[in-house]
Amino acid sequence: MGMTSRRATKRADLPGTDAASRRSAAARGRIMRGTVVTVAAALAVTGCTSATTGGSSAPTSAPASATTSGHTGAASSPSASTPGSQASTSSQPIDVSKVVVRGDRRSDAAKLATAAVADLERYWGRQLPAVYGSAFTPIKAYYSVDTKAGRRSPSVCGDVTGNAYYCYEDGAIAWDSTGLLTDMRSAYGDIAPQVIMAHEFGHAVQHRFGYRGKPVVQELQADCFAGAWLHHAIDDKVVAASSETPTQAAAAILAVKDPVGEDPRSEQAHGNGFDRVNSFQTGYDDGLKACKAYTSEEPVVTELPFTSYTDAASGGNLPYESAMQSGAYDLDDYWEHTYPQVTKGQQWKPMGKLTPFATRKPATCGDETVTDAVAYYCPSDDSIGWNDDVTREIYRETGDFGPIVLLAAQYGKAALSRSGKPLGDDAADRGVCYAGAYSADVILHNRPQTSSFTMSPGDLDEAIQALLMVGGSDGFDLIRAYRKGALDGPKGCAGAKVS
């Protein structure tokens, strides 16, 4: 999140035309192109959880946990892995006897990938004729490459170190089993290698029905296909799943987003974190028919290149103190414009009490001590507070818009409370929905006379990452609520269900 004065012009890198670029285009399904950045430090600080409550004085806050973000290359393993500890449901065994995988089949990640492609063959064998009217032809080869032992991919598309891809030239799917998949499994659980396979299989499906859209939309549709497959896999118990599995899967998708500032017109663009998770959830929630609707013009791509050398140098980030102070000011300005629209003319009163507190010195809300909230809204004194120790850590791990979006969610709950709406069990979702609506307002620059805030590349990704960090097993629902607000505006947050 930056100010308008920080904008200039940056030349976008153009896609290459040499042999290496042509080989990369042939392997359109490459899952990653940089380094997966984990948030191990955040995992250590987010032991605090707080369910949303609806009393007259009790603070309302989102639960806290953690996850990661980043892009390409070998994923590094955090010191702690996935949020929560609920037991997984038993999965039905998948017959892998007919799937011929060349290379490593012994590592745990390779076994998960093999089981996934076996079910994906069965799944698309039914769905491709039903959805596209095309017959499914088997994948020509699967290569599970032990890159840690110096093995190379036999595919003509070449090196798979730290990566996975579907190769259009030889019809093979290849993956780095001991680098990428093992590291992703360590970071995000068993579902991560399987979701990666579902994405790559999506490219094989596109090859079969002849998709010829923009490269970035091609990648987003593959994410959509992966989401649809995951819903089937959970429902039919073909993967071991718990309440946290969708959140872990979304975190894995977020981890393979483009580097911040990628030009979506590039041949190598895969999508920013918001677009990739949005597409994944679209497939999960709405199924393959929604994925089929993806064209060269749909869905809308929010990924932006940097437009300023200064913005690129800072990563698009304001200093922490400036971000929190300016964010609060801009949120009051946003609600001054928006509150009359959602309350039939009522006026917004600026938030009078904003209270950062330390872990060692908790805040109070009425007669209660706030000990386990990252951020909260207190109805009894109409105040907002946040654990400054934790939000600083979130800032370091995500960037400036991570803590701002958590602040925005509390402003959303303040708007609900002030308008007489009960702060019930859905208060966290509705607050996050309003945070999404606020984000869209900033993107569209709807308040040019009063707001100097503009979105920097990566801000929406920072929001998604922060919500996963504080959401625990509810992270998937919080992202769904945030997307609804961002895509539908504040009116979308007033409906019967926001997630």
Side-chain angles (χ1 to χ4, degrees), residues 27 29-33 35-38 40 67-68 70-83 88 91 93-97 99-121 139 141-155 159-167 172-204 222-223 226 229-230 233-234 238-242 244-256:
R30 291 187 189 274
I31 192 75
M32 314 175 86
R33 293 186 298 105
T35 300
V36 173
V37 181
T38 62
T67 190
T68 73
H71 205 278
T72 28
S76 54
S77 302
S79 57
S81 56
T82 49
S88 298
S91 62
I94 300 172
D95 181 8
V96 298
S97 62
V99 178
V100 177
V101 176
R102 303 176 190 177
D104 172 40
R105 294 192 61 167
R106 301 180 64 181
S107 67
D108 289 338
K111 291 175 183 177
L112 289 165
T114 300
V117 296
D119 185 68
L120 283 158
E121 285 195 350
I139 306 298
Y142 296 106
Y143 301 125
S144 179
V145 185
D146 181 358
T147 59
K148 294 294 177 69
R151 303 287 189 268
R152 295 176 179 268
S153 171
S155 170
D159 187 24
V160 75
T161 303
N163 222 320
Y165 58 72
Y166 170 70
C167 182
I173 291 178
W175 62 82
D176 176 354
S177 63
T178 53
L180 170 67
L181 294 198
T182 295
D183 291 342
M184 290 289 282
R185 177 175 178 264
S186 295
Y188 309 105
D190 288 354
I191 199 61
Q194 297 172 310
V195 166
I196 289 173
M197 290 302 99
H199 172 95
E200 299 309 333
F201 218 97
H203 289 302
D223 288 333
W229 173 80
L230 179 63
I234 291 175
V238 296
V239 298
S242 72
E244 294 170 347
T245 298
T247 299
Q248 293 169 325
I253 292 293
L254 180 63
V256 295

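As a basis for the values below, the full set of heavy atoms in this structure was taken, side chains included, without hydrogen atoms, waters or symmetry mates.
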Undergrad: Can you check whether Ile253 reaches Val195 side chain to side chain, under 4.5 Å on heavy atoms?
TA: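 Yes, close enough: below the 4.5 Å cut-off.
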Undergrad: Any chance you could measure Leu180, atom CG, to Arg185, atom CZ, to the nearest 0.5 Å?
TA: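 Reported to 0.5 Å precision, the distance equals 13.5 Å.
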Undergrad: Where is the tightest heavy-atom contact between Arg106 and Lys111, given as atom of each residue plus distance?
TA: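 Distance-wise, the nearest heavy atoms are O-CE, 3.3 Å.
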Undergrad: Flag the pair Met184 / Val256 as yes when at least one side-chain heavy-atom distance between them is below 4.5 Å, and no otherwise.
TA: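 Yes - at least one pair of side-chain heavy atoms lies under 4.5 Å apart.
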Undergrad: Should Arg105 and Val96 count as side-chain neighbours, where that means a heavy-atom distance under 4.5 Å?
TA: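 Yes - at least one pair of side-chain heavy atoms lies under 4.5 Å apart.
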Undergrad: Any side-chain heavy-atom pair from His203 and Tyr165 closer than 4.5 angstrom?
TA: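 A side-chain contact under 4.5 Å is absent here.
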Undergrad: Check step by step if side-chain contact (heavy atoms from CB on, under 4.5 Å) holds for Glu121 and Phe201.
TA: CA-CA 9 Å; Glu121 285 195 350; Phe201 218 97; 3.6 Å; yes
Undergrad: Return the OG1 to CG distance between Thr247 and Leu254, rounded to the nearest 0.5 Å.
TA: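 Spacing of OG1 (Thr247) from CG (Leu254) equals 12.0 Å.
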Undergrad: Output all residues satisfying salt bridge (charged side-chain N to carboxylate O under 4.0 Å, His left out) with Asp146, sequence neighbours left out; order by chain, then residue number.
TA: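 Partners of Asp146 under the salt bridge (charged side-chain N to carboxylate O under 4.0 Å, His left out) test: none.
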Undergrad: Just wondering, do Leu181 and Leu112 contact through their side chains at under 4.5 Å, heavy atoms?
TA: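 SC-SC contact between Leu112 and Leu181 ruled out.
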Undergrad: Please answer whether the main-chain N or O of Lys148 pairs with a side-chain N or O of Thr178 as donor and acceptor at a distance below 3.5 Å.
TA: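 Confirmed, Thr178 side chain pairs with Lys148 backbone.
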Undergrad: Main chain of Asp159, side chain of Ser153: is a donor-acceptor contact present, judged purely on distance under 3.5 Å?
TA: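 No; judged by distance alone, with no hydrogens or angles, the pair does not exist.
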Undergrad: Check the angle between the aromatic planes of Tyr142 and Trp175 and answer parallel, tilted or perpendicular using the 30° and 60° thresholds.
TA: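 Rings of Tyr142 and Trp175: tilted, 30 to 60°.
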Undergrad: Is it true that, when you exclude Arg151 itself, more than 12 heavy atoms of the residues, nucleotides or ligands shown sit nearer than 6.0 Å to its CZ?
TA: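 No.
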Undergrad: To the nearest 0.5 Å, what is the distance between CD1 on Ile139 and SG on Cys167?
TA: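 Those atoms lie 11.5 Å apart.
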Undergrad: Can you give me the closest heavy-atom contact between Asp104 and Ser107, atom names plus distance?
TA: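 The answer is OD2-OG, 2.6 Å.
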Undergrad: Could you give the distance from CD (Glu200) to CD1 (Ile173), rounded to the nearest 0.5 Å?
TA: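 If we round to the nearest 0.5 Å, Glu200:CD and Ile173:CD1 are 6.5 Å apart.
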Undergrad: Is the side chain of Ser144 donor-acceptor paired with the backbone N or O of Arg102 at a distance under 3.5 Å, no angle test?
TA: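 It does not hold such a pair.
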Undergrad: Do the non-hydrogen side-chain atoms of Val145 and Arg152 ever get within less than 4.5 Å of each other?
TA: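 They are not in contact (no side-chain heavy atoms under 4.5 Å apart), so the answer is no.
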Undergrad: CD/Gln248 to CG/Leu230 distance, rounded to the nearest 0.5 angstrom?
TA: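 Reported value, rounded in 0.5 Å steps: 10.5 Å.
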Undergrad: Taking all non-hydrogen atoms of both residues, which atom of Ser155 and which atom of Tyr143 are closest, and how far apart?
TA: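 In this case the closest contact between Ser155 and Tyr143 is N-CE1, 3.7 Å.
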Undergrad: Report the residue from Asn163, Thr161, Thr147 that forms a side chain to side chain donor-acceptor pair (under 3.5 Å) with Asp176.
TA: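 One option only clears the test, and that one is Thr147.
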